[in-house]
Amino acid sequence: MDKNYQPAKFENQIYEDWVRNRLFEIDPVRLKKKKKKYFSIILPPPNANADLHLGHAMYVYEDIMIRYHLLLGDQVLWLPGADHAGFETQFVFEKHLKKQGKSRFDFDSETLYRMIWEFVIENKSRMENQLRRLGFALAWSKKKFTLDEDIVKIVYETFKKLFDKGLVYRDEKLINYCVGCGTSFSDLEVVYKEEVTRLYYIRYSFASRKDDYLTVATTRPETLFGDVAVAVNPKDRRYHDLISQEVIIPFVERRVRVIGDDFVDPDFGTGVVKITPAHDFKDFEIGKKHNLPLIRVFDFDGRLNKHTDEFEGLSIFKARKLVVQKLKDRNLIEKIDENYHHRIATCYKCGKILEPLPKEQWFVRVKPLTAKAKKFVEEEKIKIIPRRFKKIVLWWLENFKDWNISRQLVWGIKIPAYQCQLSLKENSNRWFVSLEKPKKCQVCGQCTLIEDTDTFDTWFSSAQWPYATLKTLGLFKYFYPTSVMETGYDILPWWVARMIMLGIFYTDKEPFKVVYLHGLVRDKSGQKMSKSKGNVINPMEMIDKYGADALRGALVFEVGAGSDVFFSEEKVITMRNFCNKIWNIGRFIYLNQVGNLKQQEFNQDVDQILINLENEFRKNRAKYFRFMDGYRFSQAFGLLYSFLWHRLADVYLEQLKKKIISGNIVALEALKKIYLECLLMLHPFLPFVTEVVWKFFHGEKKSILRSRLKIFKKE
RNA sequence: GCGCGCAUAGCUCAGUUGGUAGAGCGCUUCGUUGACAUCGAAGAGGUCUAUGGUUCGAGUCCAUAUGCGCGCACCA
């Protein structure tokens, strides 16, 4: 044994041995003996478009649970997978294209899809290797990908089932559209940014009295071509007499009516609002309520269209400038508030302003789904840890809006929906859903179909991940519902809540019994890690320098449940030192064991020191199991840390040292027994070093995972 | 506006059945004779944000306040 533990010498070999000996795989014979307890976790599938970051390393909590249950002798499954990550991946890929001076418009959709496919496959295998380096006890033979044919089939089945039950519908609504990325989003993808913008006060002349006018306040003068009304609060004395009079929209000279609606805040601006249903969510609602037409004034490429007269073809931003200029020329601008604080909806990925635009999309009707989901959470059929997140999950389930699942992207699962052309001509717009590509129209039986070219929101497929994976693997009846869903609290509404909704919908059962949430990994001053701040720490670099165990330890040690992790290299070093401590206690025992074989000068007196040691160990062991079973992993780990280092090594080993060196075998054996049991308890946290030392004592072929020590029977 | 979280040693943070305050780093002093200097010993350093309440007893439970962080919603 070296003086210090050198992880790089062992880690790869140890992991290969684990895989080769199928220690992470389920045993099909044992599987059917129902005596065993089942324990399963589905790995949140990392996006197959980039390397792992520290957030992924947080899956160490899953490994801790998995290895703990392996040691308990349960029937264990930790299922690996990868997510095609539709929009995210296409976005990353387009950045690659841009570097080469190209864009998505240079390729037809099939070519683009194939190129992204190759890109993803390469990334996927690199990402999987990184999971291995972290030491994760994943059942690799079962790994799944969200684009596997059988998975896609399940996704289609879910969609059809939802469609048949009226829980998915197609409708023209305003959606959040990113002109740069070329796709729509659901409400969850919108990021609001505080900005100081201009508020323009524009005069709309009365149709009856040309020299009199009504002033509206707006941030978006370029949308005035789409105005179909002007609204005031009916209780507002200044204006209520004007309701149902007409004003004239500049440039297009269209007459629109003044309407009264309570939603208008008399104190805002002038108390008069222009109503543009095609480009504003609130206006869209008002438009529906008052039966107003929808006039879209710019297209999905972000350029003004034929409804804008002389402004046609201009980009939104240019059009705004020019419209304002020309309004000024006509003396129709009353004033401009230059310091208007405003929150603007932006694309969470590219940061550009999102446009509300009317578009036909597929929506999931969420109310009926959330009703059941809420019940499961309230009654704790799904238990949420830490508890405080229960309220948050329930809040989301209560407040979800209908979920837009259509994306205008190439990279993704194509939506299996078809439109009857005949119905389109007859203005009835009928769609049907078909698992296989249909030979003929299921509506009229004769027309040439129109295929939906959109793809699903990635979260629509990942929301089905627990049952889709287990169904396709034939493991559904053993492992569903899964035991634990462990993930970051930041994707609660995107993923966890939706898995609960769709899981219950498809299977009538909860997809998992426990949701365990971990926090974000921040740098040591609490800043979010990001490339732009330059504070990103690469987990693989940490492993190269200090070993996988040290990295793992740093993500667990003294971390509050569900709270963010303040990560620093110093903490990794502390954990590296702890691994070394473990190694050296082992080294002391090992060296003296060999030495004592010659000396044989054993001394039978079992003194008070050993009794104290044994008692203290017992107490800690009991606590350990309480912590582990209560999902308090950080505390279990902290307990082992202080017991092993500051009690076993600093106190007891020092007290026994002389006796052991002089050949007291009883003392040596007592120390060794407790040490080995500690290794076992520690193994879920620090799998490599514990396995390496274990093998020094038990031989190359004996894995700690196959140990049958009674300690894990919890006597 | 609604909701959530945090406030403990110089710094970063642990501390869930309420029972004499912990770790890492940093600091002071000392120690390298075969477990480990990726170490050990000794030590300094805390009215656990404030006020009130429940209790024999509160860092821990309740209420209010202050400060900080976060999520969501609205905004013509």
Side-chain angles (χ1 to χ4, degrees), chain A residues 1-6 187-188 190 192 194 199-202 216-221 223 227 230-232 263-265 268-276 279-283 286 340-345 386-392 394-396 399 401 489-490 492-493 519-520 522-526 528 546-547 550 554 556-592 595 626-627 630-632 634-635 637-639 641-642 645-646 649-651 653-654 657 660-661 671 675:
Chain A
M1 283 177 97
D2 294 328
K3 268 177 86 166
N4 297 115
Y5 173 52
Q6 290 169 43
D187 305 307
L188 296 184
V190 180
Y192 291 91
E194 185 81 33
L199 184 63
Y200 303 89
Y201 289 73
I202 304 173
V216 302
T218 181
T219 53
R220 304 207 58 186
T223 63
D227 289 2
V230 165
V232 298
F263 101 95
V264 180
D265 175 4
F268 185 93
T270 56
V272 187
V273 189
K274 68 194 217 36
I275 301 296
T276 324
H279 298 289
D280 181 280
F281 285 100
K282 202 86 197 177
D283 292 4
I286 303 292
Y340 176 60
H341 290 257
H342 183 53
R343 283 164 78 141
I344 297 175
R387 231 177 282 152
R388 65 172 185 274
F389 289 107
K390 178 176 171 180
K391 251 192 193 170
I392 298 176
L394 287 172
W395 186 91
W396 277 107
N399 291 284
K401 291 178 192 153
Y489 68 74
D490 52 324
L492 214 68
L520 267 50
R522 299 173 176 279
D523 73 7
K524 74 176 178 194
S525 50
K528 222 170 173 171
Y546 307 108
V556 180
F557 192 63
E558 298 206 313
V559 170
S563 63
D564 293 348
V565 179
F566 292 73
F567 188 89
S568 63
E569 193 158 339
E570 286 81 2
K571 211 166 169 186
V572 185
I573 291 171
T574 302
M575 286 296 119
R576 186 269 318 260
N577 295 350
F578 181 44
C579 292
N580 190 54
K581 195 66 176 178
I582 294 163
W583 169 271
N584 268 293
I585 300 168
R587 183 162 183 259
F588 174 80
I589 295 169
Y590 184 74
L591 293 177
N592 281 293
R626 255 210 324 278
F627 286 147
Y631 300 90
R632 285 146 65 183
S634 181
Q635 279 171 270
F637 186 51
L639 186 84
Y641 176 90
S642 62
W645 196 324
H646 299 303
D650 289 348
V651 175
L653 190 148
E654 288 303 325
K657 203 174 210 170
I660 289 175
I661 290 171
L671 188 71
Y675 171 69

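Atom set for the values below is all heavy atoms of this structure, side chains included, hydrogens, waters and symmetry mates excluded. Throughout, a chain's letter reflects where its sequence line sits, starting with A, and its residues are numbered from 1. Being a predicted model, the structure only gives us computed values, none of them experimental.
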Partner residues of Y489(A) under the ring pair (Phe, Tyr, Trp, His ring centres under 6.0 Å) criterion, sequence neighbours left out: F389(A)

R587(A) meets the side-chain contact (heavy atoms from CB on, under 4.5 Å) criterion, sequence neighbours left out, with M1(A), K3(A), W583(A), N584(A), L591(A)

What's touching nucleotides 24-27 of chain B from the protein side, N or O pairs under 3.5 Å?
| residue | atom | partner | partner atom | Å |
| --- | --- | --- | --- | --- |
| rG24(B) | OP1 | H646(A) | NE2 | 3.4 |
| rG24(B) | O2' | T574(A) | OG1 | 3.0 |

Mind listing the N/O atom pairs, protein and nucleotides 71-73 of chain B, below 3.5 Å?
| residue | atom | partner | partner atom | Å |
| --- | --- | --- | --- | --- |
| rA73(B) | N6 | R343(A) | NH1 | 3.0 |

So which protein N/O to nucleotides 15-21 of chain B N/O distances come out below 3.5 Å?
none

Both distances below 3.5 Å, Watson-Crick or wobble geometry, any strand: find the nucleotide opposite rC25(B). rG10(B)

With rounding to the closest Å, how many angstrom separate the C1' atoms on rU12(B) and rC6(B)? 14 Å

Nearest to side-chain heavy atoms of K282(A), which nucleotide of rC75(B), rU38(B), rC4(B): rC75(B)

Identify, with sequence neighbours excluded, every residue that meets ring pair (Phe, Tyr, Trp, His ring centres under 6.0 Å) alongside W395(A). none

Across the strands shown, which category fits D650(A) at heavy-atom distances under 4.0 angstrom: base, sugar-phosphate, nothing? sugar-phosphate

Please identify each residue that fulfils side-chain contact (heavy atoms from CB on, under 4.5 Å) with D650(A), with sequence neighbours left out. K581(A), W645(A), H646(A)

Per the atom types in the model, does the base of rC36(B) pair as donor or acceptor with the side chain of K581(A) at under 3.5 Å? yes

List the residues meeting salt bridge (Lys or Arg N to Asp or Glu O under 4.0 Å) with D283(A), not counting sequence neighbours, and say none if there are none. none

Establish whether the base of rA41(B) is bridged to the side chain of E654(A) by a donor-acceptor pair shorter than 3.5 Å. no

Within the 4.0 Å heavy-atom criterion, would you say R388(A) contacts the bases, only the backbone, or no part of the nucleic acid? sugar-phosphate

Go through the structure and list residues passing salt bridge (Lys or Arg N to Asp or Glu O under 4.0 Å) with D280(A), not counting sequence neighbours. none

rA14(B) to rG52(B) separation - P atoms, rounded to the nearest Å: 28 Å

Restricting to salt bridge (Lys or Arg N to Asp or Glu O under 4.0 Å), what partner residues turn up for K401(A), sequence neighbours left out? none

Find the distance L492(A):CG to rC4(B):C1' and express it as a whole number of Å. 12 Å

With sequence neighbours excluded, residues passing side-chain contact (heavy atoms from CB on, under 4.5 Å) with V190(A): N176(A), Y192(A), A345(A), L354(A)

Taking atom CZ of R388(A) as the centre, report whether more than 12 heavy atoms of other residues, nucleotides or ligands fall under 6.0 Å from it. yes

Select one nucleotide: of rC13(B), rC4(B), rA14(B), the one nearest the side-chain heavy atoms of K391(A). rC4(B)

Residues two or more places apart in sequence or in another chain: which of them pass side-chain contact (heavy atoms from CB on, under 4.5 Å) with V272(A)? L214(A), V216(A), V230(A), V232(A), Y239(A), T270(A)

